[in-house]
Amino acid sequence: MKKTILTGLRPTGNLHLGHYFGAGKTWATIQDDYNFYLEIADVQALTDNFDNPQKVRENVYEITKDLISIGIDPNKVHYFIQSQIPEIAELTVFYSNLVTVSRLQRNPTVKTEIAQKKELFGNHGESITYGFLGYPVSQAADITCFKGEVVPVGDDQLPLLEQCREIVRKFNSIYGEILIEPEQVLSESSRVKGLDGNEKMGKSLGNAIYLVDTPEQIQQKVMKAVTDPKKIGKDDPADPNVCMVYYYHQLVNSKENNEKICAECKKGERGCVQCKKELIDALNTFLTPIREKRKYYDEHPEEVKEILKRGTSEAREKAKETMQEVRKAMKIDYERED
Ligand code: TRP
């Protein structure tokens with residue numbers, strides 16, 4: 001029997017290279033080894049974007065197409081839309097009794113996100129909604145509704161997983177051993193830096209390369225990438241290890257080419273403009289098969305909808321089974337005759 005794995009993504013924007021190298025690539029390699037549930041977490045996306053439902057709606061399809069085009073096979077993985085599984089919402093309500101408000105406020109992931117919001121919107125704590133504070137509870141329901149045994153997430157998500165494990169232990173100690181305490185696999189701490197050298201790649205920072213970027217967009221972005229500031233003239237030797245162009249070469253170019261690039265750069269035998277042009281070519285070569293696959297699904301939106309419909313219905317079967325056990329354990333299974 002294959003173990004059950006569950007992971008999720010918020011549909012708030014297209015996937016970029018950080019998503020690919022930090023997560024998607026690994027998911028594609030393990031999809032044969034697990035019973036794999038992949039949640040498009042639209043309800044969670046709405047906690048931050050409740051006033052922009054159209055954005056969330058569009059990105060459900062965008063993200064699904066991104067994921068399929070990087071090789072996460074819809075015939076192997078259950079792609080599902082969170083909002084279409086009402087059992088998750090039901091379980092979230094039951095879990096809300098098992099976690100204190102102060103515990104949520106102390107959750108490091110939530111704390112960081114609240115601090116970021118304060119930075120963006122000023123120091124009014126009132127902007128934190130009940131739904132936002134509670135999203136870790138909802139995420140615990142996401143995982144346990146499908147009896148997820150393993151969750152492939154990055155270190156920033158670990159406090160959410162720990163919160164989930166606590167809720168499971170509490171539930172099981174009160175109502176009986178029904179739920180599974182999930183574990184983290186494959187720590188994806190290898191976060192991909194932005195073209196500007198920032199530790200994080202993101203839309204708001206304008207430093208990301210998206211899988212859907214056109215060759216023109218890629219050219220513009222790479223030309224602005226940060227190189228060794230000590231290198232002034234084209235023939236000055238430089239340190240590739242402080243250069244974002246070399247950093248990206250290492251992601252998408254061959255080992256052989258990279259050895260050459262590194263040696264030439266150190267000896268001052270390589271200009272940055274030439275090096276950027278080669279990176280643009282390497283990125284386009286890397287993205288070509290992804291773009292081709294994506295083009296097919298852009299032209300066949302009904303197939304994307306069908307994939308989500310099928311995955312959601314498979315996922316819902318599992319969620320219904322779990323909820324029958326949960327309701328029985330909580331003595332609210334009134335449809336049962338006794
Ligand atoms: N919180 C995750 C993120 O922001 C997305 C997510 C939702 C998730 N539900 C999940 C991740 C369940 C793992 C398991 O990226």
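We count ligands from 1, going down the list as the structure has it; atoms in each ligand are counted the same way.
- Between the side chains of E303 and Y296, at least one donor N or O lies within less than 3.5 Å of an accepting N or O.
- For the pair R57/P53, no side-chain contact is recorded, criterion being any heavy-atom separation below 4.5 Å from C-beta on.
- Within the listing of ligand 1, atoms 13 (C), 14 (C) sit less than 4.0 angstrom from a heavy atom of V151.
- Within the listing of ligand 1, atoms 5 (C), 6 (C), 8 (C), 10 (C), 11 (C), 13 (C), 14 (C) sit less than 4.0 angstrom from a heavy atom of G8.
- The atoms of ligand 1 that sit less than 4.0 Å from any heavy atom of V153 are 13 (C).
- For the atom pair NE2 of H19 and CD1 of I63, the computed distance is 6.5 Å after rounding to the nearest 0.5 Å.
- Taking the centre and axis of the six-membered ring of Y135, the NZ or CZ atom of R10 falls inside the cone set by 45° and 6.0 Å.
- Scanning all protein heavy atoms for the shortest distance to atom 6 (C) of ligand 1 gives Q139 OE1, 3.5 Å.
- The main-chain N or O of K331 is never found under 3.5 Å from a side-chain atom of K328 such that the two would form a donor-acceptor pair.
- Here's the thing with D142: one of its N/O atoms is less than 3.5 angstrom from an N/O atom of ligand 1.
- Interface atoms of ligand 1 facing A41, defined by a heavy-atom separation under 4.0 Å, are 7 (C).
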Does E58 form a salt bridge (Lys or Arg N to Asp or Glu O under 4.0 Å) with K55? I'd like the steps, not just the answer.
CA-CA 5 Å; E58 281 163 18; K55 170 175 143 187; over 6 Å; no
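- Contact annotation: for Q82 versus ligand 1, there are no heavy atoms closer than 4.0 Å.
- In the candidate list R10, E39, Q184, Q157, Q157 is nearest to atom 2 (C) of ligand 1, counting heavy atoms.
- Taking every non-hydrogen atom of Q44 and a distance limit under 4.0 Å, the qualifying atoms of ligand 1 come out as 1 (N), 2 (C), 4 (O), 5 (C), 6 (C), 7 (C), 9 (N).
- Centroid-to-centroid, the aromatic rings of F80 and F146 come within less than 6.0 Å.
- Ligand-side atoms of ligand 1 in range of L6: 12 (C), 14 (C), range being under 4.0 angstrom from any heavy atom.
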